[in-house]
There are 2 protein chains.
Amino acid sequence: MRRSTLEEVAALAGVSKMTASRALRGASDVAQDTRERVQHAAERLSYVANRLALSLSSQRTNLVAVVVPSMSNTVFPEVLSGITTGLEGSGMQAVFGISDYDADKERDIIRDMLSWQPAAIVVTGLDQPEETVRMLKAADIPVIQVMDLDGTPVDFNVGLSHGEAGRDMAKALLAAGRRKIAYIGSALDKDLRAGKRKAAFEQVLLAQGLGLVSHRIGDDFSSIALGKRLTADMLASRSDIDSIYYSNDDMAAGGLFACMEAGIAVPSQILLAGFNGLDLTDCLPALIATSRSPRRAMGEITAKLITDVMANGRVSGPKTIAFKPPIIGLEGAAAGLAKKSE
Amino acid sequence: MRRSTLEEVAALAGVSKMTASRALRGASDVAQDTRERVQHAAERLSYVANRLALSLSSQRTNLVAVVVPSMSNTVFPEVLSGITTGLEGSGMQAVFGISDYDADKERDIIRDMLSWQPAAIVVTGLDQPEETVRMLKAADIPVIQVMDLDGTPVDFNVGLSHGEAGRDMAKALLAAGRRKIAYIGSALDKDLRAGKRKAAFEQVLLAQGLGLVSHRIGDDFSSIALGKRLTADMLASRSDIDSIYYSNDDMAAGGLFACMEAGIAVPSQILLAGFNGLDLTDCLPALIATSRSPRRAMGEITAKLITDVMANGRVSGPKTIAFKPPIIGLEGAAAGLAKKSE
DNA sequence: CGTGATAACGGTACCGGTATCGGTAACATG
DNA sequence: CATGTTACCGATACCGGTACCGTTATCACG
């Protein structure tokens, strides 16, 4: 039982390959009963067209390549989910690759993806090394860089400014009266966007003559467990901290659990701030500040951009779509803050 | 600036297509300096081979198709992550599709995936309708059904018995002295595996002459927020419950947060039980019982199975690989339970 | 009845690679 | 010097579809 080909379908229906092809694609120039004969034959052989041949011949594919750094955080799966739903009904199919926050791996995956001649490619962030950028440009297809905004896009760009997010959060914490501010993060050399948030965050503090009073960087990728561990460690070493900025919400949630175990009141005693605005954050037993990033929306907008370009050849709107994540979870911590964080 | 072809590379290197092909693939029968000339030419044109042509010609692909129901839960991304890392270095590339727990969508995605002539296909669960199974069989490639074990596999099967997991948890709760047991779940008609756990769970209770004292099924997919909401609702309606079994850990975590808000002690007053053994569960401020499912391991084993079959043509071991998730988080709740849950 | 239009279908040339076989040059061998 | 061997390389035929153009039959019309 081998895969059947169009030729076999055609033979069974008593027509030529070409007629069978036309019949199955629902093209015109085929008599009604011929079409039915062909369709019937295809069904009997449970014929599935060979997309390799199809795409090679027609010089186009329905593939959208998407490269993300990780799957262990809910953030990227959500973006992917947004892309797939946004692509639905367009006949396009998203295929994903994981780079593990590794630039070399990313280059290899992108090369591999491009070899499938996708109709468009989506990559995370704007910080690809020159070689990767060259490949992307040489591919001669729409390139959409997502999540980040701080940098020079190759082509399209959908994201938010992590620098701005870091600055906003710093201002928000200051506005909430916090001065003894600490930072807890993970593998910043890998997660460049978290690094951008931190750098901008610190910069605002410095402008106020302040610095981070304490500082922990994990050696592992971000997780709730890591956030909890590093926070417990920090709390054990000093007691004057009044707020902690985390690389993201997972870490911050872990921080909250550490505070609860240590009997520290959140947010009154220590204010915790993260990034993303996860479902989890909303449900926690204490208020945590966070910047709510529109993950699904970014995915869906990206998909819409792609279907637009495919349909019209050109895109109508701008090539860069910027989101501004609102800061939430500071309601009780400081009155009058809403205006500023808006 | 169009995509360059092998022919152009060959022309630039002053050799034939065939020689260029051999040189780039690192095959023998190519002189050292010729190889270098070709490689140099390929670099200058930033040549990327066309996998469509490659695969069509060689009649094989490096694609492993993977279809999962969702990305909004961390579970499936973890499995995917496991598959990709397991495939690393094998030259295989995983491509993912999301079915949204919809059998028709799943069929369409599988059909689409198969049209790319993948080397193997991984699908979630064993409950595909007949038509889908026919397609899978007709594809004539290794089919691996993952996550579940309760049913008849098409070919390979890597997973765990959700019936057993449900039964084990029921026994564990009973052994912990709980009798007023409730259930909270979400969209069971879609998530068949959660349904299996619940059915088996209830069956054990019934065998003891017990039934669920309360019962909530959400109309949305599982999430922390949904678990919290349904639990709060349940707690408001009755006060005699001593344990709640949730469809999974997300829901259970939400349940814990609801209990904390209601001032209910967990696990002493109400014991909460979930399924999966997420990172999150380990960090929560109270002990939650759960069955730790080996998501990454299942993914990696699946990948290993595939690379094995590809390498040897035949697989050495059995066609079904069963995992048994241990129950954790009951340490304090009942002494002497460890033996039973082992 | 010749002509042209139209509908339905088939033939052929690709798409960009690889498999396969064969050819040529250089060198060793008897 | 004829012959065999070895190392390289090229020509050709695919892989399974689609694009494009050509062909045939049928029918309306002047």
Side-chain angles (χ1 to χ4, degrees), chain A residues 2-39 41-42 45-63 91 111-112 114-119 138-140, chain B residues 2-39 41-42 45-63 91 112 114-119 139-140:
Chain A
R2 236 193 56 270
R3 254 120 131 158
S4 42
T5 71
L6 182 62
E7 187 120 43
E8 291 163 18
V9 173
L12 184 58
V15 295
S16 76
K17 247 171 81 172
M18 266 323 299
T19 305
S21 170
R22 278 192 284 253
L24 290 177
R25 278 182 295 160
S28 59
D29 270 16
V30 179
Q32 185 57 30
D33 67 321
T34 310
R35 185 190 309 276
E36 276 163 17
R37 270 211 325 283
V38 173
Q39 277 164 351
L45 299 175
S46 53
Y47 169 72
V48 178
N50 185 333
R51 263 247 162 57
L52 298 173
L54 193 158
S55 295
L56 177 61
S57 168
S58 64
Q59 295 290 77
R60 61 198 151 73
T61 66
N62 66 341
L63 250 43
R111 190 201 308 287
D112 197 82
L114 288 179
S115 73
W116 287 101
Q117 320 287 113
D140 198 30
Chain B
R2 234 191 57 271
R3 253 122 131 160
S4 42
T5 70
L6 182 62
E7 186 121 43
E8 291 163 17
V9 173
L12 183 59
V15 295
S16 76
K17 247 172 81 172
M18 262 327 295
T19 305
S21 169
R22 278 192 283 253
L24 292 176
R25 278 182 294 160
S28 59
D29 269 15
V30 180
Q32 186 56 31
D33 68 320
T34 309
R35 184 190 309 276
E36 276 164 16
R37 270 211 325 283
V38 172
Q39 277 165 351
L45 298 176
S46 51
Y47 168 72
V48 178
N50 185 334
R51 263 252 162 53
L52 298 173
L54 193 159
S55 296
L56 177 61
S57 168
S58 64
Q59 295 290 78
R60 61 198 152 73
T61 65
N62 67 340
L63 251 41
D112 196 81
L114 288 179
S115 74
W116 287 100
Q117 321 285 113
D140 198 29

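Model, not experiment: these values are computed from the prediction. Order of the sequence lines sets the chain letters (A, B, ...), proteins ahead of strands, with each chain counted from 1.
Candidate nucleotides C/dG16, C/dG10, D/dC15 were compared by shortest atom distance to the side chain of A/Gln59, and C/dG16 ranks first. With distances taken from any side-chain atom of A/Leu54 to the nucleotides C/dC9, C/dG16, D/dG17, the minimum falls on D/dG17.
Looking at which nucleotide of DNA chain C each of B/Arg25 and B/Ala53 is closest to, the 5′-most match is held by B/Ala53. Along DNA chain D, the nucleotide closest to B/Thr19 and the one closest to A/Glu7 are compared, and the more 5′ of them pairs with B/Thr19.
Atom-to-atom, CZ of B/Arg3 to P of C/dC15 comes out at 15 Å; the value is rounded to the nearest Å. Straight-line distance from the CD atom of B/Glu36 to the P atom of D/dC9: 12 Å, rounded to whole Å. Going from atom CG of B/Leu56 over to atom P of C/dG17 covers 12 Å, rounded to whole Å. At whole-Å resolution of the value, CE in B/Met18 and P in D/dA7 are 18 Å apart. Between the P atom of C/dA8 and the NZ atom of A/Lys17 lies a distance of 23 Å, rounded to the nearest Å. With rounding to whole Å, A/Glu8 atom CD is found 9 Å from D/dG16 atom P. Distance CG (B/Leu52) to P (D/dG17): 14 Å, rounded to an integer number of Å. In this entry the distance linking CG of B/Asn62 with P of C/dT18 reads 13 Å, nearest Å.
Residue contacts shown for B/Asp29 include a base, since a base heavy atom lies under 4.0 Å away. Among the atoms of the strands shown, none is found under 4.0 Å from any heavy atom of B/Arg51. The residue A/Arg60 sits close only to the backbone: its heavy atoms come under 4.0 Å of sugar-phosphate atoms, none of a base. Nucleic acid contact class of B/Thr34 (heavy atoms, under 4.0 Å, all strands): sugar-phosphate only.
Looking at B/Arg37 and B/Asp33, their side chains come closer than 4.5 Å, going by heavy atoms from C-beta outward. B/Arg51 places a side-chain heavy atom less than 4.5 Å from the side chain of A/Asp112. At least one side-chain heavy atom of B/Trp116 sits less than 4.5 Å from a side-chain heavy atom of B/Leu52. Under the 4.5 Å side-chain criterion, counting only non-hydrogen atoms from C-beta, B/Leu6 is in contact with B/Leu24.
Between C/dT18 and B/Ser58, no contact under 4.0 Å exists linking OP1 or OP2 to a side-chain N or O. Under 4.0 angstrom from either OP1 or OP2 of D/dG16 there lies no side-chain N or O belonging to A/Thr5.
One can find a donor-acceptor pair under 3.5 Å joining the base of D/dG17 and the side-chain atoms of A/Ser57. Under 3.5 Å, the side chain of A/Arg22 and the base of C/dG10 form at least one donor-acceptor pair of N or O atoms.
The neighbour count for A/Glu36 CD, taken as heavy atoms of other residues, nucleotides or ligands under 6.0 Å away, is above 12.
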